[in-house]
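Below is one structure; the comments refer to it alone.
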Amino acid sequence: MRKNCPDREDIFMLAKGMTSEREALAHITNCAGCRKIFESYRRLDDVLEQWNPDAQASPWFDARVRAAASQPQARGMRGFFGLELNRWLAAPVLAALLVMVGVIAFRHSPPPVPVKPVTQVAAVHPAVAPAQAAKPAPAAPQSGAQEVSMYQNLSVLEDYDMLAGFDVISELPKGSSKVAD
Amino acid sequence: MAVDSDLELMLRVSRGDADSFGVLLNRHRGPLLSYFVRMVRDRGLAEDLAQEAFLRVYQARERYQPEAKFTTWLYRIATNLALNAIRDRQSDPVLPEALVAETNGDFASPLERAQDGRPNVEEQLAESDRERMIREAIEALPEKQRAAVILHKYQDVDYRQIASILKVSESAVKSLLFRAYESLRVRLEPLLEGGLV
Ligand SMILES: [Zn+2]
């Protein structure tokens, strides 16, 4: 840089349009060293434009804001839902509830598991509602007797008596309704 | 049909018009979320913070004074939230940032990952080497420089607004940006054709 060259900060200001000092602009046009610095800031701007992280909002974004806003004296999203609860605890809580529903259904089957508990979970936690709503309700687990009967009636297992000679199958109770829970 | 200004919409929100809040939400959701993603990196945390920022706007609707641009107010709330989240992460006694930088995160729990702000597997796959270098260079900046660069470069916020958001003078913003660009120039040298000057 020559003695009368503007300092880097002035060149930066020119490159960023923060100033339009004619004298400095004229200098940059005629000074190769300063022009190179000027252009390096422009190139840096071009490079920075190549950072485009995914920032797509989740489908329940607005619903969660509205739900929190509708609470009287809402304490804030993080306070309201609890720290990280919405993201890290929703899935385990939901899974635990579904397991409980499954156990209850297994013990009292039939009738099949009602869909209601899932929608109740969604109502308690709006963040999970759209994702869960898209999934079908889990099928009710079969009772032990029904399951054995199903295996016996499969076309592949037509010769059930012959196949029952195999160790694994012989351990199955023959069509008995006395099947352990 | 004329498009309502943010200011008009916010004044209607302050009078109890929920539909106008919906319009504001729709208009600023994307830009605000992208601001948080660049500020805190973690996608889930960014979404939480963006929702929190909108909630705070809604909660403060009755006190809203149309003195500054709506986006200045929105980004001031957002910047405070983002900087607090970054400070929380840095002060986490369990996961000091230096340690986090040395480990590859294979054994980190989701909660730990949320706290340390490292990208998850999908985020890593989606990110090119170039983008990673740029992100790391910006993340290495002091917090005000980082906010100034992101507001200026990616959110298209003018210098006067940035000054108001960061509560500094306009000349201080220009100085913050100059120092930030000087650091970025050095860190991103491999990406700059022609090398350093
Ligand atoms: Zn010169």
Side-chain angles (χ1 to χ4, degrees), chain A residues 1 7-13 15-19 33-58 60-71 73-81 83-89 91-92 127, chain B residues 18 21-22 25-26 29-31 33-38 41 43-52 54-56 58-59 109-111 114-115 119 122-123 126-128 130-131 133-135 137-138 149 152-154 159 174-175 177-179 181-182 184-185 188 191-197:
Chain A
M1 276 176 100
D7 60 31
R8 293 191 77 100
E9 189 160 358
D10 291 335
I11 300 173
F12 172 77
M13 300 266 189
K16 298 298 290 176
M18 292 170 175
T19 174
C34 288
R35 198 163 57 247
K36 209 174 169 190
I37 297 170
F38 179 90
E39 281 162 6
S40 76
Y41 290 123
R42 292 282 173 91
R43 274 203 310 276
L44 179 55
D45 263 330
D46 291 342
V47 166
L48 292 178
E49 268 159 39
Q50 294 164 14
W51 182 32
N52 293 298
D54 169 42
Q56 187 77 31
S58 64
W60 49 84
F61 187 99
D62 290 13
R64 283 190 60 211
V65 175
R66 287 176 192 282
S70 67
Q71 298 296 317
Q73 297 169 332
R75 285 170 294 150
M77 301 294 294
R78 294 170 78 75
F80 181 67
F81 289 113
L83 182 69
E84 305 295 330
L85 175 72
N86 51 322
R87 287 188 294 130
W88 304 121
L89 295 185
Chain B
F21 183 65
L25 198 56
N26 198 40
R29 184 201 307 111
L33 185 57
S34 93
Y35 178 58
F36 278 117
V37 168
R38 286 195 174 95
R41 195 198 317 176
R43 264 288 280 105
L45 177 61
E47 180 146 328
D48 283 354
L49 293 172
Q51 287 164 342
E52 177 74 36
F54 279 115
L55 181 64
R56 291 195 183 187
Y58 188 79
Q59 286 171 334
S109 71
L111 183 59
Q115 287 168 338
E122 292 118 67
E123 285 164 347
E127 188 178 59
S128 67
R130 242 179 141 72
E131 285 188 296
M133 278 183 76
I134 300 166
R135 173 177 57 71
I138 291 177
V149 166
H152 161 69
K153 191 65 210 155
Y154 304 104
Y159 303 122
K174 291 174 179 175
S175 176
L177 284 171
F178 170 64
R179 280 180 278 139
Y181 269 64
E182 283 297 278
L184 293 173
R185 212 171 50 85
L188 297 175
L191 304 183
L192 294 168
E193 290 163 45
L196 277 181
V197 251

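A heavy-atom distance below 4.5 Å is not found between the side chains of B/Y58 and A/V65. For the pair A/M18 and B/L177, the minimum side-chain heavy-atom distance is below 4.5 Å.
For the atom pair NZ (B/K174) and CD (A/E9), the distance works out to 10.5 Å, reported to the nearest 0.5 Å. Here the CH2 atom belonging to A/W60 is positioned 10.0 Å from the CD atom belonging to B/Q51, to the nearest 0.5 angstrom.
Contact annotation for B/A137: neither backbone nor side-chain heavy atoms come within less than 4.5 Å of a heavy atom of chain A. For a residue to count as touching a neighbouring chain, one of its non-hydrogen atoms must lie under 4.5 Å from one of that chain's; by this rule B/R56 does not touch chain A. Proximity to chain B (any heavy atom under 4.5 Å) is shown, for A/N52, by both the backbone and the side chain.
Here B/E182 pairs with A/R8, A/Y41, B/F178, B/R185 under the side chain to side chain contact (heavy atoms under 4.5 Å, CB included) rule; sequence neighbours left out. Scanning for salt bridge (charged side-chain N to carboxylate O under 4.0 Å, His left out) contacts around B/R29 gives A/D62, with sequence neighbours left out.
Nearest approach of A/A55 to B/L33, heavy atoms of both residues: O-CD2, 3.4 Å. Of all heavy-atom pairs spanning A/R64 and B/D48, the tightest one is NH1-OD1, 3.6 Å. The two atoms that bring B/L188 and A/L48 nearest to each other are CD1-CD2, 3.9 Å, heavy atoms only. When every heavy atom of B/Y159 is checked against every heavy atom of A/K16, the shortest pair comes out as OH-O, 3.2 Å. Nearest approach of A/F61 to B/L25, heavy atoms of both residues: CE2-CD1, 4.2 Å.
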Quick one: do A/L44 and B/L192 satisfy side-chain contact (heavy atoms from CB on, under 4.5 Å)? Show the steps, please.
CA-CA 7 Å; A/L44 179 55; B/L192 294 168; 4.1 Å; yes

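There is a side-chain donor-acceptor pair under 3.5 Å between B/Y181 and A/D45.
Counting heavy-atom pairs closer than 4.5 Å to chain A, the top-ranked of the candidates B/M133, B/R130, B/R179 is B/R130. Of the residues considered (B/F36, B/Y35, B/Y154), B/Y154 shows the highest number of contacts with chain A, using heavy-atom pairs under 4.5 Å.
The environment of CD in A/Q56 is sparse: at most 12 heavy-atom neighbours from other residues, nucleotides or ligands sit within 6.0 Å.
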